[in-house]
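Just so it is clear, the values below take in all heavy atoms, side chains as well, and ignore hydrogens, waters and symmetry mates. Numbers restart at 1 for each chain; the letters A, B, ... are given by sequence-line order, proteins then strands.
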2 protein chains.
Amino acid sequence: MSSAATTFCYAYPHPAVTTDVVLFTISDEQLQLLLIRRGRDPFAGQWALPGGFLDIDEDLDRCAERELEEETGVSGLYLEQLYTFGKTGRDPRERVISVAYFALAPSERIRLRAGDDAADAAWFPLTDLPQLAFDHAEIIRTAHQRLVAKLDYSTIAFQFLPETFTLAELQRLYEILVDAPIDKRNFRRWALALGQLEETGELHRRGSHRPARVYRLSDRERVTYLK
Amino acid sequence: MSSAATTFCYAYPHPAVTTDVVLFTISDEQLQLLLIRRGRDPFAGQWALPGGFLDIDEDLDRCAERELEEETGVSGLYLEQLYTFGKTGRDPRERVISVAYFALAPSERIRLRAGDDAADAAWFPLTDLPQLAFDHAEIIRTAHQRLVAKLDYSTIAFQFLPETFTLAELQRLYEILVDAPIDKRNFRRWALALGQLEETGELHRRGSHRPARVYRLSDRERVTYLK
DNA sequence: TCAAAAGTGTTTGCTATACACCCATGA
DNA sequence: TCATGGGTGTATAGCAAACACTTTTGA
């Protein structure tokens, strides 16, 4: 960032290290992810994952967290290391090792930051992505696979939920993620049996029909592994 | 390695990148892993995972493969990226990001290379490890967790098998890994139902009892995911 | 009173587990 | 013929999947 004339020298060549974050959310009844339009070369004007260079005295996780905060203004999102991408030639400037993370956000929590470093930031449906810079298409594929795999054996999807929600909303969330209808009675039995939902006592009145009970997660931070 | 007076300079500080490999095998009826005694500082004389610095024009996977070959003399082992460890201060010399891999070897395939770069190399039972350099104890913990998790939903354990084997040997392998006895009939039904074993036609005569049928994997490379 | 979504149990098939005896061999 | 490990089937319980009607509300 600072272009002082200082340089940093080593006895043998060092790669640069970055973190890139695949931030998923559900909005508009679709799985979407956050992309940034690049302001400068390489790939100026193209869309890319939010990310950037690791500070030399900064932990990897913290770097990913920071990138996420810079783009979204939100902290405390679910964030997990995904995979490290390091093929030679993946960045035309120099050798770059990218430690990729994936993150999940409840949709309404995020109001994208205007302006900032990145020229532009926007949500894209996973099914309709623009052309991407670097090997970011591959990183996204890997992240999506991981997300889908984890649906089966963890409660990770609950990280998409707002503070409070109804069982119908939870079910709809899962239907979007697995892209298939789910049986209502089986789903509700499963969800309640997890023992992680508690009723708020409120009722959600929406239209001319029976109101829905409102739930919250008993431990918002916790992602449990099933079976 | 070459201590020419050349230096490599950058406009901002770069961390070093290494790969470290957790190589498991089964031998002596125990899960064991390969450690190297460090020849030089830091941690000279202490045991550590095999690993080393990434060459600037070398792919990450290739780097891990190379380290493995250098230590064991064997190539073509099962090798998978595990996790990237990058806490500040994990190496006292400079900032080092380590991309850890885990690898599995059939026991008899490995004759450790004498001498070489590393002062010494040896197998240690997971249950009886020496003090370890850097954060390698944590890396090993992570690798072991991953191995155990994968037993449940993949055929990864087959990578521990020699070219040919009997069902009793396969069962014994699993019993060691899960550290519990397994029902013989259920196990054999499960193993054969996978459709990945083929009889060689040979019989294994060992002692004064009925000889065992000998099997091989129908596709040695393939690790399948169950369910 | 009607339309619309919320809420609720039971039956059925499948998969995982428990369990005990005969077989083939070498000594 | 005996000791040793190799090889085989069936019954049962627990879980996942299929399936339809009643309740509550606002208009």
Whole angstrom is fine here: how far is it from CG in B:D183 over to C1' in D:dT10?
13 Å
Side chains of B:T25 and B:S107: do they bring a donor and an acceptor to under 3.5 Å?
no
Taking atom types as they are modelled, would you say the side chain of A:R185 forms a donor-acceptor pair with the base of D:dT22 within the 3.5 Å cutoff?
no
Rounded to the nearest Å, what distance is computed from the CZ atom of residue A:R206 to the P atom of nucleotide D:dA27?
13 Å
Any donor-acceptor N/O pair, A:Q159 side chain to A:R220 backbone, under 3.5 Å:
yes
For B:N186 and D:dT10, what is the distance between atoms CG and P respectively, to the nearest whole Å?
14 Å
From CD of B:Q171 across to P of D:dG5 the rounded distance in Å is 14 Å
Start and end of the DNA chain C segment that chain B contacts, any atom under 4.0 Å from a heavy atom:
C:dT17 to C:dG26
Using 4.0 Å as the upper bound for N to carboxylate O, is an ion pair formed by B:E138 and B:R141?
no
For atom CZ of B:R172 and atom P of D:dG5, their distance in whole Å
13 Å
Indicate yes or no for a side-chain donor-acceptor contact from A:T19 to the backbone of A:G51 under 3.5 Å, with no hydrogens or angles considered.
no
Indicate the ring-plane relationship of B:F124 and B:W47, choosing parallel, tilted or perpendicular according to the 30° and 60° boundaries.
perpendicular
Could you tell me whether the side chain of B:W123 reaches within less than 4.5 Å of the side chain of B:L23, counting heavy atoms only?
yes
How many whole angstroms separate atom CZ of B:R189 from atom P of D:dT10?
11 Å
Would you kindly compare B:K227 and B:K184 by the position of their nearest DNA chain C nucleotide and give the one closer to the 5′ end?
B:K227
Using 4.0 Å as the upper bound for N to carboxylate O, is an ion pair formed by A:R62 and A:E69?
yes
Taking only N/O atoms, report every protein-nucleotides 23-26 of chain D pair under 3.5 Å with atom names and distance.
unit_1 : atom_1 : unit_2 : atom_2 : d
D:dT23 : O2     : A:R210 : NH1    : 3.4
D:dT24 : O2     : A:R210 : N      : 2.7
D:dT25 : O2     : A:S208 : O      : 3.0
D:dT25 : O2     : A:H209 : N      : 3.0

Taking every heavy atom of B:S218 against every heavy atom of B:E198, the minimum-distance pair comes out as CB-OE1, 3.5 Å
Would you call the rings of B:Y153 and A:Y153 parallel, tilted or perpendicular, taking 30° and 60° as the class edges?
parallel
